[in-house]
Each structure stands twice: as structure tokens, then as C-alpha cells.
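Have a look at the structure below, then the notes.
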Protein chains: 4
Amino acid sequence: MPPSVSEKYKEEKKRNIINSALICFAEKGFETATIDDIVVHSGFSKGTIYNYFSSKDEIYLEVLHTATKNDIDVITNKFSVLRTALSKINYLFDLYLNIDLNNQKRLGFTVVFYEFTLHCTREKKLLELLTKRRNFFIHLISEAIKEGQASGEFNKNIQADTYSHLFWTIIDGINLQVVYKGFPYYDVLREMKEAYIEKLKN
Amino acid sequence: MPPSVSEKYKEEKKRNIINSALICFAEKGFETATIDDIVVHSGFSKGTIYNYFSSKDEIYLEVLHTATKNDIDVITNKFSVLRTALSKINYLFDLYLNIDLNNQKRLGFTVVFYEFTLHCTREKKLLELLTKRRNFFIHLISEAIKEGQASGEFNKNIQADTYSHLFWTIIDGINLQVVYKGFPYYDVLREMKEAYIEKLKN
Amino acid sequence: MPPSVSEKYKEEKKRNIINSALICFAEKGFETATIDDIVVHSGFSKGTIYNYFSSKDEIYLEVLHTATKNDIDVITNKFSVLRTALSKINYLFDLYLNIDLNNQKRLGFTVVFYEFTLHCTREKKLLELLTKRRNFFIHLISEAIKEGQASGEFNKNIQADTYSHLFWTIIDGINLQVVYKGFPYYDVLREMKEAYIEKLKN
Amino acid sequence: MPPSVSEKYKEEKKRNIINSALICFAEKGFETATIDDIVVHSGFSKGTIYNYFSSKDEIYLEVLHTATKNDIDVITNKFSVLRTALSKINYLFDLYLNIDLNNQKRLGFTVVFYEFTLHCTREKKLLELLTKRRNFFIHLISEAIKEGQASGEFNKNIQADTYSHLFWTIIDGINLQVVYKGFPYYDVLREMKEAYIEKLKN
DNA sequence: CATGAATGAGATTTCATTCAT
DNA sequence: TATGAATGAAATCTCATTCAT
């Protein structure tokens, strides 16, 4: 007996639900957003949503997972075509320098993502997941730095790992400032980028 | 005729409730922690808690307010005795370099504080409150930098405001990393401090 | 694809809840009767009740509204077939003369209705609602009296409006007496009807 | 050991509390008004109030009792000096014809009184109390009517009892209309008085 | 598979009453 | 006697989840 609906159809539906959920979570926060909010936003029935996800928690997880997977794919692809270490670091900084601060959806997602990050503090299982993701990103940069050191682009004395952590610390810090109206986002980030790269090169 | 109870007694009680609340919020998050949790932790009855605070929201606000007021007092006092701009910047960095990462209560509070920050995104009124607080801290450093520039300690070409924002961006970024076990907190922060001060001095 | 449930089913359910609520309110009064009382009496769960009504206040309002709508429909229909003004006045009096004083449900409703009337004193919005309803009933009779005056049935010198108010004053007065055991309801009302009609005819 | 505070002092205090309670009940209704409302309005402490009354219910009862006792005293005194039956009936009607409709306190009390009347429906004990009070008033008028019949002032064929009940039915009816703005109170009551006395005289 | 009515545990908040001072 | 802080039972309302259709 073949499945009555195609896999593609189901994937599409799941993606729609996840999309709506992200928007609802962004708007109200995970706790405050209700399944009914997702029902209204997505147009699917409550029953349908529970056919695709077993709980609100699972939806949350998949929302975050999806977004993360996206980022990873984009960055991985880009890195595979960038030839120099410096261009990779530049690319990552520019990713954040090119952000449209007025994009409400992006802002919403940023808030949700950091809320989730903090929430993970309280659940071992989630924290592991989050840490794994983070490790990937740490690895990404420390490898790039090491490449740069090997190729002579970067100063051999800096700690690749420390500077990788440092990079993401900067990014988390700058992302958080979206909550403050009037924060000179681009000025600050440009200054940081410059100092960071200067340090790498020596 | 008023047997009543001293103002001090009431202040003390309020502080006790706030303390318990902070711990409960740190443990479970604002939404997930319940008044009953605070009841259990504080040992006071539900009625008593509502005699001192009119709602869970108010407790939350006072928890944050209390902690913030503390910080402001400590820093303001210290600044008034520090003579050079550099010593002020150094002092602030050292505040964070001397943190005990194993202090669970501190960690809990950090999480609560950033959750609150993100939560403010969704309530105009709260955001104003938060922004006011942030402006105080921004002002604190930009003034110090300007002092340093006037006294010849610091490079006159750097934007005091941008570098003040930059400072708190670093601090927010580094604070957020507490969620990740194994994050080389001191290494990263020391590196940042060094680079930051180098930039100031030129 | 909508398995849903017929509109009729939902209307029926609403009516059931309203019915139970009326009985609970009649038994204990609006403030004293609880949602749990309605849960027990109706057999529906709390959640179900809140699926059909958004608050206890709304239930109260709908209970009153339903009862009132009924009365209006019955009287309006009857009036449309009664040819003389006198027969209309007679009909209304007889409505109250034919009441079964032992009908506990009716008695309960009377009490609830007058409690609601008094309660309205304290809420502008509700008072407007109540006044609108009352105006309809006032109009009903003053029109009938004017008809009677035009047709020569009634004395042209009496104030239609005053006598319409007077009619409902009598009815409210007599309804209130249900609280007193042993009140000679029929005797008093018959006497009043006689005097009233005598006055109309002159 | 003599009482440390005079009886008079205590009576005075009780009266003050009752006064405040009446005003609070009138403003918000018995259920909705809180002991704290009475505390604020009276200026006495919660403890003090509970020293004089054992419960909120008891306050309610005494509020009503006090008001009623007042009415009875006033009417009894007046009746003892009025010589004709007609003058007594006239006096009672005029009591209500001379009311100041704009007196908010009176209006509030009227509402509270009728709420209490309806509330009594649900408690046998209270109903007995209320009925006893009502019987006094019924007796008052039926005796007056009988006097009038004996003296030749009134028609001997009317039922004294029925007409006594009828009188209070009118009064209850007219009192209830205070809720409706624009009700032609004086017109309606004057009309009723005239018809009533006409009937008595024949 | 889709639906949405039904459920009920659990959350916040109120308030009459008590009692130590 | 006077006080008002403390109490906790009880009320309203929410919402994730289930399941018959």
C-alpha cells in the first residue's frame, strides 16, 4: 500500500507549520504563544498540527533546528568556494553587516533564538543539542584561522580556538543589542571587525 | 497604638520574597516559575506575597530593579574614587574577569536578566525602562572615555559613544556564553580587554 | 472534510449551558454561584463552558438576554393578532395572573432578573442595555393605549406614557412580592387589573 | 471592674461602622464590597471591625436592621399623632412623594435593600426576619384601613388586608424604578395615590 | 488524514478571617 | 481594645493535549 499522500506534500506542510510557529514565537515568545495562535496563523487545524508534531516543545525544537540547518547550509556552501581564510572571516562579518535592522521577522527570530539559548540552561538534553551546534560554528572558524596561519595570512601566535570563541562572542553581543532602539549597530560592528582582523593579521 | 511592624521589618520581608523569586525565576524562567514555587521557596504564604506585591509581573520587575540598583550603586561609588579614566575601564573589565563562574546563583541571575531583556522587546513600557537603565551605563563609559581623551590618556580620534556601546556589546556577548560549558571565559575576556584598551590608547 | 458539528448542535449546547447557569444563578445568586456549580449542574467540563462563553459575565448576560428575547417574541406575536387595545392590556395582565406561583424555576428566574436589574445600577453599559429593553416594553403599552384612545375604547384624557410606566411599576411590584410566602398574589393583582382598566376606560 | 470604655462609646463606634458599611454596600453591592473597603471608608482597622461584628454577614444584617428600625420608629411615632385613617395613608404616600430622587445615598440604600430582599429568598432564617418586618408594615396599614372603615371614612367592602398588601406592592414597584433614568416617578406615584385613595373611599 | 469540541490540571489572584503584639 | 500582617481556601480563567467523527 503506497502512502496516500506524498512525502513531499507532508514535508511542505511541516515547513508551513514551522514557519507559522516561528512567527508566533517571535511575536509573543515561546511560553506566551499558544497552539491556537499557530492554528490561526497557519490555517491548519489543531488536530493537523498534532499529527505532524507530538508537542509544542517539539515544534519549538524543530523551528530552531530548521533555522540553524539553514544557516549551516548557507555558510558551508559559501566556505567551500572561498579560497582564502581572510575572505571567510570577512564573509561572516559581512553576513551581519548586511543585515536589515528594520526586518521585523529577522528581529523576531533573533529574540526567539536567544530566548531558546537561555532556556537551554535548564534542560541538559537541550543544552547538549545547542552545544553541538555551537561547536560546529566554533570549529568552522578555528579551522579557517588555522588555515590562515598555515598559509601565512594570519599571525601564527594567536590561539585559533580563543579567537573563534571570541568571534561568536562578538556576534552574540551585537545581536543582543537589537533590543535597544538607537544602537549604532553598523558602527560598532565595523569597528569590531576591523580590530578583529587586525589582530588576526597582527 | 499602632502595634504594626517596623518599616525595616517590611523591607526585610520584601527582600526575602525578592530573593526567593529571583532564585525561582533563575531555576525555571519567569513564565514557568509559579507563585507556588515562590511560596515553597520563601516559606511565606501566597496571601503574604500578594500583600507585598500586587502581581507576579511586579515581583519580576522588582527583582530586576533591585539587582540593577545594586550594580549601579557599586559602580558609581567605585568610579567616584577612581582617579584615571584607564583605571575606570580596567575596573569594569575586572569586575567581569573576577567573576566566579561556578556561582550558580550568579549564573541564574544572568540568565534571568537576559531573558528579561529579550522579553522587553514585546512591551513598550518595559523597553523604555530597560533602555533608560542601559543609557545610564552607556553614559558612564562614554564619559570616562571623554575624560581620558581630555587628560591625554586616550586617543582623541575614537568615538567615545561608539566605544561605550562596544564595551557593553562585549560584556553582553561574554555574559551570554555562560550557557556553554567549556567556554574559555577568562581567555576570551582577557584578550578582549587587552584589544579594547589598546584601541583606546592607540 | 470538516467533520465539525452542526450549528444546531452548538446552539443546543449553548442553550443547555444557559439553562444550567440560570438554575445555578437562581439558586445562589450571580456572585455566589460559581463556574464549578455550572460544571456540576450541566455535566460539561469547565473548558467546554469556556469554549462557548468567554467569561462568567457573558454567561450572565446571555442568560438574561435569552429569557428576555423569549418574552419579547411571545408578546409581540400575540399583540399582532389581538385586535382591540383592551384585549392587549388584558392579555398582559393575564400573563401574570396565570402564573404558577409554585413553579420554582420561574421564581428563581424572577429573583435573578431583579438582582440583575439592581446590579445594572452600578454599570453604565449594562444600564443602557436594560433601559433599552425597558423602553421597548414601555413603548408596547403606550402604543396600545394610544390605539385605544384613537378607537374610542379608552379615555382620551389619560397620559398614555404615564399609564404605561404605571403598568410596569405594578408588574415589578407584584413580581417582587414572590419573596414573601403567603402574599395574596392573585387577589392583589386582580384588584390592580380591575382598577387599572377602569381608569383607562374612565 | 467597670468597663474600660463606655457603652455609649461602643455604640457610637458600631454606628460609624454600620454607616460606612452601608455606603460601601450601596456603592458596590454586598458581595463586591470588601472589608477593606469598609476599613478605608470608616478609618477603623480590620481588627476593630471584627471586634464589633463577627462576620461580614453580620454587618450586612445590622446595616439592614438599623435602617429598618429607623423607618419603623419614624412611622410609628407619626401614626400615634395622626387622628384619621386617611391622614395616615396620605402620610405614607407623601413619604415617598417627597423623596429627593437625586439623593445618591438614598438611591444606594434602596438598591442595597432590594438586593437584600432578593437575597433572603435563599436563606430561610433571613426570610423569616424579612417576613416579620414586612408583616409589621402590612399590619400597620391594614389596621389603619380597618380604623377608617370603622369610622366611616373608608368603604366597608374592601378587603383591608388585600389593600394593605396592594399598598406595599405599589411602593416596592415604584422604588424599583429608580434604576431607570427618566422614569416619571412623581407623576406615576401621584396617579397611584389618587386611584388608591379613591378606591378606599369608594 | 483532517478536524475541532472536549477536557481538566494548573495558574494567578482575591479576600474574609485570625491572632500575636 | 486596637492593630494590620499573615493566612489559605476558593474563585476565575487558560491552554496543551486527546479523540470521536
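Please read these numbers as outputs of a predicted model, since none were measured by experiment.
Here C:T66 pairs with C:I18 under the side chain to side chain contact (heavy atoms under 4.5 Å, CB included) rule; sequence neighbours left out. Residues forming a side chain to side chain donor-acceptor pair (under 3.5 Å) with D:K13 (at least two apart in sequence, or on another chain): D:Y9. Every side chain to side chain contact (heavy atoms under 4.5 Å, CB included) that A:R122 has, sequence neighbours left out, goes to A:H119, B:V111, B:E115. Every residue meeting the side chain to side chain contact (heavy atoms under 4.5 Å, CB included) condition with A:L61, not counting sequence neighbours, appears here in chain and number order: A:F116, A:L126. Residues satisfying the side chain to side chain donor-acceptor pair (under 3.5 Å) criterion with B:E12, sequence neighbours excluded, are B:R15. Partners of C:T48 by side chain to side chain donor-acceptor pair (under 3.5 Å), not counting sequence neighbours, listed by chain and number: C:S45. For C:K14, the salt bridge (charged side-chain N to carboxylate O under 4.0 Å, His left out) partners are C:E62, not counting sequence neighbours. With sequence neighbours excluded, no residue forms a side chain to side chain donor-acceptor pair (under 3.5 Å) with D:T121.
Mapping B:F30 and C:I49 onto DNA chain E by nearest heavy atom places C:I49 closer to the 5' end of the strand. Residue order along DNA chain E, read from the 5' end via each residue's closest nucleotide, puts A:F44 first among D:D36 and A:F44. Mapping B:N51 and A:I35 onto DNA chain F by nearest heavy atom places B:N51 closer to the 5' end of the strand.
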Report all side-chain donor-acceptor pairs from residues 30-39 of chain A shorter than 3.5 Å, counting only partners two or more places apart or in another chain.
from: A:E31; atom 1: OE2; to: B:T32; atom 2: OG1; distance (Å): 2.9
from: A:T32; atom 1: OG1; to: B:E31; atom 2: OE2; distance (Å): 3.2
from: A:T34; atom 1: OG1; to: A:D36; atom 2: N; distance (Å): 3.3
from: A:T34; atom 1: OG1; to: A:D37; atom 2: N; distance (Å): 3.0
from: A:T34; atom 1: OG1; to: A:D37; atom 2: OD2; distance (Å): 3.3
from: A:D36; atom 1: OD1; to: A:K46; atom 2: NZ; distance (Å): 3.3
from: A:D36; atom 1: OD2; to: A:K46; atom 2: NZ; distance (Å): 3.3
from: A:D37; atom 1: OD1; to: A:K28; atom 2: NZ; distance (Å): 3.3
from: A:D37; atom 1: OD2; to: A:K28; atom 2: NZ; distance (Å): 3.2
from: A:D37; atom 1: OD2; to: A:T34; atom 2: N; distance (Å): 2.9

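If you check residues 54-67 of chain C against DNA chain F, the residues with a heavy atom closer than 4.0 Å are C:S55, C:K56, listed by number.
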- Message: Show me the dot-bracket string of DNA chain F, counting Watson-Crick or G-U pairs under 3.5 Å, with | for pairs to another strand and [ ] for crossing ones.
- Response: .||||||||||||||||||||

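Of the listed nucleotides (E:dT14, F:dA2, E:dA16), F:dA2 has the atom at the smallest distance from the side chain of D:Y9. Checked against E:dT18, E:dT12, F:dC13, the side chain of D:Y50 finds its nearest nucleotide in E:dT18.
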Shorter than 3.5 Å, N or O on both sides, protein versus nucleotides 8-10 of chain F: list them out with atom names.
from: F:dG8; atom 1: N7; to: B:G47; atom 2: N; distance (Å): 3.2

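Within the nucleic acid shown, B:Y52 comes within 4.0 Å of sugar-phosphate atoms alone, with no base atom in reach, counting heavy atoms only.
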